[in-house]
Amino acid sequence: MTIAEPTTLAHPTHLAEYGTQPEYGTAAFDELVDWVNEIAALTKPDRIHWVDGSDSERQALLGSMVAQGTLIKLNEDKRPNSYLARSGAGDVARLESRTFIASEHKTDAGPTNNWADPAEMRATLDGVFDGSMRGRTMFVVPFSMGKVGGPISQLGVQLTDSPYAVASVEVMTRVGDEITELIADGTPWVRTVHSVGHPLELGEADVAWPSNDEKYIVHFPDTLEVFSFGSGYGGNAILAKKCFALRIASVLGRDQGWMAEHMLLIRVVSPEGRAYHVAAAFPSACGKTNLAMLRPSIRGWTVETIGDDIAWIRPGNDGRLYAINPEAGFFGVAPGTGESTNITAVESLRENVIFTNVALTDDGDVWWEGLTDTVPDHLIDWQGNDWTPDSDRPAAHPNSRFTVSAAQAPSISDDWEEAVPLDVILFGGRRATNVPLVVESFDWNHGAFMGATISSERTAAAEGTVGELRRDPFAMMPFCGYNMADYFGHWIEMGQSAPALPAIYQVNWFRKGDDGRFLWPGFAENSRVIEWIVRRLEGSADAVETPIGRVPAELNLDGIDTTDADLAELFAIDPDSWLAETDLTEEFFKTFDGRVPAELTDQLAAQRDRLQTAKRG
Ligand code: GTP
Ligand code: SPV
Ligand code: MN
């Protein structure tokens, strides 16, 4: 295995023959060119490269990053066409504290977002972006979220000085000339600008992972623009993902009567061959990719993957809600993804993958905690240091990730790019206590209340103390582009706009016993919960009413050794802790200054009544 030495060339020759500006000669295309030139005048790159999305261009781009030292090419025999990137230690996750909603009015951002005055923020950004691309190439990346030309799809363009971001956006979205053509024809598009914020002086050598200590991830919801500065990592740099497909799209959805959600999307097929579509909102690193690739442990059931992170949902003419996965790839959490937990993901990663911040094996392959039961004797850790099982730190960063095209998952649906009618919506989070394995809502508004009251233990997907419990309504706390209380209201309204609504359930795979062990085996066994839900839809499974919703009268436990005691603990509902939780929800709702819809405060009051009745016994 050879690791290329970083060169001092800012512009490796690999890309020289690519990147010329196309010509369309329409007013709409001129508008794009004017914007590109305007951003270039501000950021002052050495060169502008229009990305055409071709395979040969991609290979040249990857080659330039290997020459530069940003990517390490993995062993071609073990992991064909795959690469490892190592980010700087200060650039490893989303930064919620540096994420801003610059809406005209502060109340339109709401108490759960960092608001910035748009005029002041524009002045700040003009300062930090001034000359920020000096010595670098600015790439113009036209992309489509949803299949190109699809009825629910949206277009965007990302300008970036990060070839790593370009290579990632190419996997996560659809990139290419056919998008530029649609833009030239007048299809609306969203403007996104990204700089790692590390300009190069003439002759200055580049570093493997350029970034800046100062970071801004800024959304202008009123003008549908995104500006991201200083980070090259994940959602901070792949602007089509959280910035556009959730924060900006949630605003479009509010205004146009649809929904942008942090949800996976699957098709469940029962042993009788009936298909059901399930969307599930879990906070970051709480099991979406795992459930999206579920390989049921119970006989006769299959699950097909449609999406693993984001769903765009619209009412159809038949009164049902239809969903698409707007993305084209998976940016998945590596640690904990292994043969025993998510074999489908492991099989999806055999080739054509960009790994970030995982460990490198001595034979030029990758490894992370949980990939295999046996731990290699020696590794190079995510920061490039020697590592052995005695080392007192993880070999892979807890938020290390893989970037791979969705089509490569063996479980992907044949028609995964089409919209599917939703039968079920799940809400979940990481809750060591209180929240049962599964609870059925009484109706849409009660289900929306479940979504609005999700709390979850923090993960490594963003900065903050891992394990600390925090509110994450609808798993959208970091991703809602407007006032969260108005978003609650939008959910209530959507419930009135579609008469044939999906059923809503709350799930929790993460409840622990007093001894700290997970009470539920999780992963493939989560299919048992899905089975009960499907049988409820079909009317053949029974439920028991509790103060917080309905729980299974019986769950299929054939073939697993969950004890009766564990099962009782998994479903235990303690009125006192739930009343305490209800008080906290009331406090949380109060932070919205009366903007929380009455339907949800009514749900809160009704739940409190039911809990008090239960307590009196
Ligand atoms: P984002 O990409 O950040 O939005 O995360 P995600 O929700 O897609 O998370 P993912 O499925 O990648 O899971 C993250 C972690 O949760 C991994 O370490 C998994 O091993 C763990 N996990 C997923 N499902 C289960 C489960 O059923 N039980 C337990 N105990 N852990 C799980
Ligand atoms: C998440 O944090 O929910 C992710 C990863 O899906 S990122 O794209 O970095 O936001
Ligand atoms: Mn996510």
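Bear in mind the structure is a predicted one, so any value in this text is a computation, not a measurement. One is the number of the first residue; the rest follow in order along the sequence. Every number for a ligand or one of its atoms is a count from 1 in the order of the listing.
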* Under 4.0 angstrom from ligand 1, any heavy atom of Pro335? -> yes

* Arg430 heavy atoms, cut-off 4.0 Å: which ligand 1 atoms fall inside? -> 15 (C), 16 (O), 21 (C)

* Asp308 bridged to Lys288 by N-O distance under 4.0 Å -> no

* **Closest candidate by heavy atom, reference atom 4 (O) of ligand 1, pool Met263, Lys288, Arg401** => Lys288

* Asked: With only distance considered, is Ala461 within less than 3.5 Å of ligand 1 through an N or O on each side?
  -> no

* Asked: Which distance, rounded to the nearest 0.5 Å, do you find between the CD1 of Ile72 and the OH of Tyr83?
  -> 12.5 Å

* Is it the case that Arg247 and His219 place a side-chain donor and acceptor less than 3.5 Å from each other? -> yes

* Do any heavy atoms of Phe479 fall under 4.0 Å from ligand 2? -> yes

* Asked: Is Gly522 in polar range of ligand 1, meaning some N or O pair under 3.5 Å apart?
  -> no

* Structure fact -> Looking only at non-hydrogen atoms, the one of Ala93, Ala281, Gly287, Ala524 nearest atom 9 (O) of ligand 1 is Gly287

* Asked: What atoms of ligand 2 come closer than 4.0 angstrom to any heavy atom of Lys241?
  -> 6 (O), 8 (O)

* Asked: Of all the non-hydrogen atoms in the protein, which one sits nearest to atom 9 (O) of ligand 2, and at what distance?
  -> Gly235 N, 2.8 Å

* Taking N or O atoms only and a 3.5 Å limit, does His262 qualify as a polar contact for ligand 2? -> yes

* State whether Phe479 contributes an N/O/S atom found under 2.8 Å from the Mn ion (ligand 3). => no

* Arg94, any N or O under 3.5 Å of ligand 2 N or O -> yes

* Asked: Contact between Arg401 and ligand 2, counting heavy atoms under 4.0 Å?
  -> yes

* For atom CZ of Arg299, decide whether the heavy atoms of other residues, nucleotides or ligands shown that lie under 6.0 angstrom number more than 12. => no

* Less than 4.0 Å between a side-chain N and a carboxylate O, is that true for Glu468 and Arg470? -> no

* To do: Return the name of the atom in Asp309, of element N, O or S, nearest to the Mn ion (ligand 3).
  => OD1

* Sidechain N-carboxylate O distance under 4.0 Å for Glu347, Arg295 -> yes

* To do: Using the ring of Tyr482 (Phe, Tyr or Trp, six-membered ring only), decide whether Arg254 places NZ or CZ under 6.0 Å from its centre and within 45 degrees of its axis.
  => yes

* Pick one of side chain, backbone, both or neither for how Pro283 approaches ligand 1, counting any non-hydrogen atom pair under 4.0 Å. => backbone

* **Check ion pair Arg536-Glu531 (N to O, under 4.0 angstrom)** => no

* **Contact check, side chains of Leu291 and Leu426, non-hydrogen atoms, under 4.5 Å** => yes

* Taking the six-membered ring of Phe510, is the NZ or CZ of Arg430 close enough (under 6.0 Å from the centre) and on axis enough (within 45°)? -> yes

* Asked: Quick one: nearest non-hydrogen protein atom to atom 6 (O) of ligand 2, plus distance?
  -> Lys242 NZ, 2.7 Å

* Per atom 29 (C) of ligand 1, closest listed option by heavy atom (Phe518, Phe510, Phe282) -> Phe510

* Compute the shortest N/O to N/O distance between Gly234 and ligand 2 and return yes if it is under 3.5 Å, no if not. => no

* Salt bridge present between Glu351 and Arg79 (N-O < 4.0 angstrom) -> no

